[in-house]
Amino acid sequence: MRVALGVSYNGQAYSGWQSQPGGNTVQDHLEAALGRFATHKVSTICAGRTDAGVHGLMQVVHFDTELQRAPFSWVRGTNTFLPPDIAVQWAQSVPDAFHSRACAVARRYAYVLLQSPVRPSVDARRVGWVFHELDEGAMTAAVQHLLGEHDFSSFRASACQAKSPIKTLHRISITRRGPPAGESAGNHGCAPAYWRFEFEGNAFLHHMIRNIMGCLVAIGQGLHPPAWMREVRDARSRDAAAPTFSPDGLYFLGPVYAPEWGLPTRTAAYDWLP
């Protein structure tokens with residue numbers, strides 16, 4: 001039988017998703033836990049790989065097994081052998097035709113950014129950080145140049161293995177939570193606020209969102225006008241864009257599947273983010 005799992009994880013302690021010889025990846029820990037529960041070797045395929053330090057709220061994987069267990073037994077049993085910062089959120093039997101990566105029609109990410117004169121503490125390595133006020137209007141205008149189908153070579157890491165840099169961004173939203181923009185924090189600079197940037201597209205290049213975030217922060221701080229985003233896009237050169245932003249605030253929200261697969265679209269892990 002083929003089983004699909006929804007997995008959440010805090011990525012700060014791991015060398016990314018994909019299995020490596022050192023063994024300290026989310027996939028390594030998940031497959032080891034599945035193997036102990038199933039008492040046979042389990043190989044998983046994921047919907048989208050994440051880099052070191054990047055978090056996952058609903059990574060979806062599938063695997064094949066001879067073991068017959070109720071869905072929630074896979075959740076409880078696998079979680080018994082996982083470290084506390086990785087957890088299976090749900091399990092479901094799926095047809096053999098289901099493939100976690102190939103069947104995804106879109107993927108979603110969020111970047112959570114703390115704007116504050118003081119660095120993060122309790123949410124250290126769970127959020128990105130800037131200490132200057134950001135201009136929401138300028139960033140909202142800038143992202144309009146990224147929507148639709150484009151060549152995203154300017155936002156692509158040199159190590160990217162994607163066959164094509166042409167991707168389609170369906171949606172980018174920017175929300176702010178905190179005191180009204182421009183409100184003073186006294187002698188300490190800008191008032192603290194949390195920003196949440198959500199991205200949905202058919203697929204993403206290696207470091208694509210972190211490179212977009214570097215450009216958005218530069219525009220939000222007034223270092224470039226919103227139209228600069230179009231110039232960067234059209235340059236099709238990584239040298240045209242801002243430096244890659246921190247992985248700390250990046251979350252893989254999960255893939256989007258056609259409704260007929262009947263898979264969950266949300267987990268409890270979603271609701272704690274600002």
Side-chain angles (χ1 to χ4, degrees), residues 16 48-54 105-117 127-178 181-182 189-190 193-253 256 274:
R49 291 175 292 185
T50 52
D51 293 334
V54 177
V105 297
R107 290 162 180 81
R108 301 165 295 176
Y109 286 85
Y111 196 99
V112 180
L113 183 64
L114 173 64
Q115 170 192 294
S116 172
V127 297
W129 176 47
V130 293
F131 51 85
H132 295 294
E133 186 88 31
L134 297 176
D135 184 332
E136 183 172 0
M139 294 188 295
T140 299
V143 299
Q144 304 311 309
H145 300 298
L146 301 176
L147 296 175
E149 183 180 85
H150 299 287
D151 183 327
F152 285 94
S153 292
S154 293
F155 308 99
R156 180 181 191 174
S158 60
C160 182
Q161 299 177 355
K163 294 180 180 178
S164 170
I166 298 175
K167 303 300 176 187
T168 302
L169 285 183
H170 306 307
R171 179 179 63 88
I172 304 175
S173 64
I174 303 174
T175 55
R176 181 184 185 279
R177 196 176 84 180
C190 65
Y194 284 96
W195 294 84
R196 178 169 172 159
F197 302 77
E198 284 206 15
F199 303 82
E200 182 174 321
N202 66 334
F204 292 85
L205 302 168
H206 190 197
H207 286 178
M208 178 172 161
I209 293 177
R210 291 171 58 192
N211 291 331
I212 290 174
M213 283 301 305
C215 293
L216 281 176
V217 168
I219 291 169
Q221 292 177 340
L223 301 178
H224 297 281
W228 178 66
M229 188 70 85
R230 183 182 64 244
E231 296 175 13
V232 172
R233 182 200 72 194
D234 292 345
R236 297 181 179 87
S237 170
R238 180 70 192 93
D239 294 337
T244 305
F245 211 64
S246 165
D248 293 350
L250 184 56
Y251 294 81
F252 181 41
L253 299 181
V256 178

Are His170 and Val256 close enough, and set up right, to give a side chain to side chain contact (heavy atoms under 4.5 Å, CB included), and what steps lead you there? CA-CA 12 Å; His170 306 307; Val256 178; over 6 Å; no
Please report the C-alpha distance between Met139 and Trp195 in whole Å, then the side-chain angles of each, then the deciding distance to 0.1 Å, and finally whether the side chain to side chain contact (heavy atoms under 4.5 Å, CB included) criterion is met. CA-CA 11 Å; Met139 294 188 295; Trp195 294 84; 3.6 Å; yes
Let me see the working for Phe152 and Leu169 under side chain to side chain contact (heavy atoms under 4.5 Å, CB included), right down to the final yes or no. CA-CA 10 Å; Phe152 285 94; Leu169 285 183; 3.9 Å; yes
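Expressed to the nearest 0.5 Å, how far CD of Glu133 lies from OG of Ser116 amounts to 11.0 Å. Distance check, rounded to the nearest 0.5 Å: CZ of Arg156 to CG of Asp151 gives 8.5 Å. The CG atom of Leu134 lies 10.0 Å from the CD atom of Glu136; values are rounded to the nearest 0.5 Å. Within the model, atoms CZ of Arg108 and CZ of Phe252 stand 8.5 Å from one another, a figure rounded to the nearest 0.5 Å. Atom CG of Leu114 is separated from atom CH2 of Trp129 by 8.5 Å, given to the nearest 0.5 angstrom. Here Tyr194 contributes atom OH and Arg176 contributes atom CZ; the two are 12.5 Å apart, rounded to the nearest 0.5 Å.
Nearest heavy atoms, Ser173 versus Arg171: OG-NH1, 3.4 Å. Closest non-hydrogen pair, Ile219 versus Ala138, comes out as CG2-O, 3.8 Å. Between Arg49 and Tyr109, the shortest heavy-atom distance links the atoms O-OH, 4.0 Å. A pairwise comparison of heavy atoms in Tyr111 and Asp248 identifies OH-N, 4.3 Å as the closest pair. In terms of heavy atoms, Val232 sits closest to Ala241 at CG1-CB, 3.6 Å. Among all heavy-atom pairs drawn from Ala162 and Leu205, the shortest one is CB-CD2, 3.6 Å.
Legend: residues meeting side chain to side chain contact (heavy atoms under 4.5 Å, CB included) with His132, ordered by chain and number and at least two apart, are Gln221. For Arg196, the salt bridge (Lys or Arg N to Asp or Glu O under 4.0 Å) partners two or more places apart in sequence, or in a different chain, are Glu198.
Here the side chain of Arg107 pairs a donor or acceptor atom with the backbone of Asn202 at under 3.5 angstrom. Judged by distance alone, with hydrogens and angles left aside, the side-chain atoms of Arg236 form a donor-acceptor pair with the main-chain N or O of Asp234 at under 3.5 Å. In this structure, Ser154 contributes its side chain and Ser237 its backbone to a donor-acceptor pair below 3.5 Å.
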Tabulate below the donor-acceptor pairs under 3.5 Å that side-chain atoms of residues 209-218 make, not counting sequence neighbours, or state none.
| residue | atom | partner | partner atom | Å |
| --- | --- | --- | --- | --- |
| Arg210 | NE | Phe245 | O | 2.7 |
| Arg210 | NH1 | His207 | NE2 | 3.4 |
| Arg210 | NH2 | Phe245 | O | 3.1 |
| Asn211 | OD1 | Arg238 | NH2 | 2.8 |
| Asn211 | OD1 | Thr244 | OG1 | 2.6 |
| Asn211 | ND2 | Phe155 | O | 3.0 |
| Asn211 | ND2 | His207 | O | 3.1 |

